Amino acid sequence: MSAASRRLEDAAESGGRARLEVPADSAGPATEIFIAHRSLLFTVAYEMLGSAADAEDVLQEAWLRWAGVELGAVRQHRAYLVRIVTRLSLDRLRTLGRRKESYVGPWLPEPLLTTPDVAEDVELAESVSMAMLLVLETLAPTERAVFVLREVFALDYGEIAEAVGKTETAVRQTAYRARTHVAARRPRRPRGTVSAAQRRTALQAFQRAVETGELQGLFDVLAPDVVALSDGGGVRHALLRPVVGAARLMRLLAGGRWRRGPATTVEPAQVNGAQGLLVRVDGKIDAVVAIQIDDGLITGLYGVRNPEKLTRAERQTAIRR
C-alpha cells in the first residue's frame, strides 16, 4: 500500500476529516489523474451533501477505491471518478438525513469561501448558493444526484444511469421530476445584474449594523420580503425559525438580539459564489453570512454560527465543474 493510501485509510478509520492531500512520494498516474479532477469531485460531493467536511470524507474514500483500480481498464477517468463519488455521496446522504432529523434549529449548508471566478460562472454560482442548496435538500437522494449531475455538470443520461444504478429511462424520468420540483422552489433570479456599487452599499449597511448597531441604513437596503435564517447547531445562539419580512427582522435586531461588543469586526468575502461577510469576535470567526441581493436589495440572509461548520472559513475552497 502506498504512503498516500495508508495515510488516507488511517484518517478514514479514525473518523478524521483532514483535507485530502497526497504526498509527493506517492506520485504516479493514478495520483496525477485524481489530483487533476479533485476540485470537480469535491464540488460534486459538496452539492450533493451541503457539507464540506462530509465531502472531504467522501473524497478520502474515493481515493482509496481509485488507488486500487486498474487504469488500463478505465476508458474515461472523469466519468469513472464521478461515478465513485456519486455512489459514496448517495450512501452518506442517506445517513445525513437521519442526522438532520435531530438537528437543533434550522440546518444550513456549511459555508465555503469561494474565489471570484466562481461568481463569474452564473450557473455554478447559483448551484452552490445557500438558497439553491436548501432547495436541493427537499429532493430525494437519487433525485438530487440526478439533478446535480445533469443540470450542473451536464453529464449525459447514460453516464448518470451508471452513477446512480438506474436505467437510462428511469434517470430521464427522475430528471424531469427533479427539474419540476426545483423550478417550483428555486430562489428568484435577479432581474438584472447587481452592480458593484449596489453590492458595496448593501454590505456596508450590514457591516455598520453589526459593528455599531445603526439599523436605518440596513433597513433601507432590505427587500420587503427578505428572509433571514441562521444556524447555531444548538451550540451558539441563533434563530430557531426563519424570519420573513423586513419589518419583523428590524424589530428583532432593534430588540438587541444581535448586538455585539467593541471587539466585533466584519469583513467582506465571497461566500458560496456570492457576496458575504465574515464576522469576527476578538479576532476569531464567529459567523459567516451569505447575502443574496436582487435589484440592489437584500432578499436573503444566511448566517452560520455552528463552530463545526466554520472550520474552512479562514481559507478559500476551489470548486469547478
Side-chain angles (χ1 to χ4, degrees), residues 104-113 119 129-131 133-134 187-307 309-310 313:
V104 178
W107 180 94
L108 289 178
E110 182 176 349
L112 298 179
L113 299 192
S129 69
M130 286 287 189
L133 289 173
L134 288 174
R188 65 189 183 192
R189 292 182 173 178
R191 291 184 287 273
T193 302
V194 179
S195 70
Q198 289 174 320
R199 286 196 298 270
R200 186 165 54 252
T201 297
L203 293 176
Q204 288 176 345
F206 196 94
Q207 181 173 350
R208 284 195 301 273
V210 175
E211 293 182 338
T212 70
E214 195 278 301
L215 299 178
Q216 184 58 49
L218 177 60
F219 182 73
D220 292 340
V221 295
L222 290 179
D225 57 350
V226 62
V227 178
L229 301 92
S230 61
D231 177 346
V235 180
R236 296 281 182 83
H237 174 76
L239 302 172
L240 293 179
R241 59 186 62 84
V243 175
V244 180
R248 288 190 61 195
L249 180 58
M250 293 304 292
R251 285 197 297 272
L252 183 70
L253 297 177
R257 295 288 298 277
W258 197 13
R259 288 180 182 168
R260 305 294 187 195
T264 300
T265 60
V266 180
E267 61 190 79
Q270 289 282 319
V271 179
N272 285 64
Q275 50 281 319
L277 294 168
L278 300 182
V279 181
R280 297 180 184 272
V281 177
D282 294 324
K284 297 181 180 179
I285 293 181
D286 180 77
V288 174
V289 183
I291 301 175
Q292 184 175 334
I293 300 176
D294 180 12
D295 197 25
L297 297 178
I298 296 175
T299 58
L301 292 168
Y302 307 88
V304 178
R305 299 194 66 215
N306 183 347
K309 296 184 179 183
L310 300 179

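Along the sequence shown, the residues carry numbers beginning at 1. Bear in mind the structure is a predicted one, so any value in this text is a computation, not a measurement.
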Item to check | Heavy-atom donor-acceptor pair, Q207 side chain to V266 backbone, under 3.5 Å | outcome: yes
Checklist entry - Quick one: does T299's side chain get under 4.5 Å of V227's, heavy atoms only? => result no
Checklist entry - Do you know which two heavy atoms are closest between P106 and D231, and how far apart they sit? => result O-CG, 3.5 Å
Next on the checklist: How close do L239 and A228 get, counting heavy atoms only, and between which atoms?
Outcome noted: CD1-O, 3.8 Å
Checklist entry - Does S230 use its side chain to pair, donor to acceptor, with the backbone of G303 at less than 3.5 Å? => result no
Checklist entry - How far does CD1 of I285 sit from CG of L278, to the nearest 0.5 angstrom? => result 5.0 Å
Next on the checklist: Could you measure the distance from the CG atom of L134 to the CH2 atom of W107? Nearest 0.5 Å is fine.
Outcome noted: 7.0 Å
Next on the checklist: Quick check: closest heavy atoms across G232 and A238, and the distance to 0.1 Å?
Outcome noted: N-CB, 3.4 Å
Next on the checklist: For L249 versus L222, what's the shortest heavy-atom pair and its separation?
Outcome noted: CD2-CD1, 4.0 Å
Item to check | Gap between atom CD of Q275 and atom CG of L203 - 0.5 Å precision | outcome: 6.0 Å
Next on the checklist: To check you understand the geometry: which heavy-atom pair defines the closest contact between A205 and V221, and what is its length?
Outcome noted: CB-CG2, 3.9 Å
Next on the checklist: Do M130 and L229 make a side-chain contact, defined as non-hydrogen atoms from C-beta onward lying under 4.5 Å apart?
Outcome noted: no
Item to check | Contact check, side chains of R305 and D286, non-hydrogen atoms, under 4.5 Å | outcome: yes
Next on the checklist: Rounded to the nearest 0.5 Å, what separates atom CG in L215 from atom OG1 in T212?
Outcome noted: 8.0 Å
Checklist entry - What heavy-atom pair brings A269 and L113 nearest, and what distance separates the two atoms? => result CB-CD2, 4.2 Å
Checklist entry - Would you say K309's side chain and L108's backbone share a donor-acceptor pair under 3.5 angstrom? => result yes
Checklist entry - Quick one: does V210's side chain get under 4.5 Å of V289's, heavy atoms only? => result no
Checklist entry - About how many Å separate CZ of R199 and OG1 of T201, when rounded to the nearest 0.5 Å? => result 11.0 Å
Item to check | Within-4.5 Å side-chain heavy-atom neighbours: F206 and L301 | outcome: yes
Checklist outcome for this item: To the nearest 0.5 Å, atom CD1 of I298 lies from atom CD of Q198 at 11.5 Å
Item to check | Exam field: side chain E110 to backbone L112, donor-acceptor pair closer than 3.5 Å | outcome: no
Checklist entry - Given the rule in the side chain to side chain contact (heavy atoms under 4.5 Å, CB included) test, do N272 and L133 qualify, once you have shown the distances and angles that lead to the verdict? => result CA-CA 10 Å; N272 285 64; L133 289 173; 3.8 Å; yes
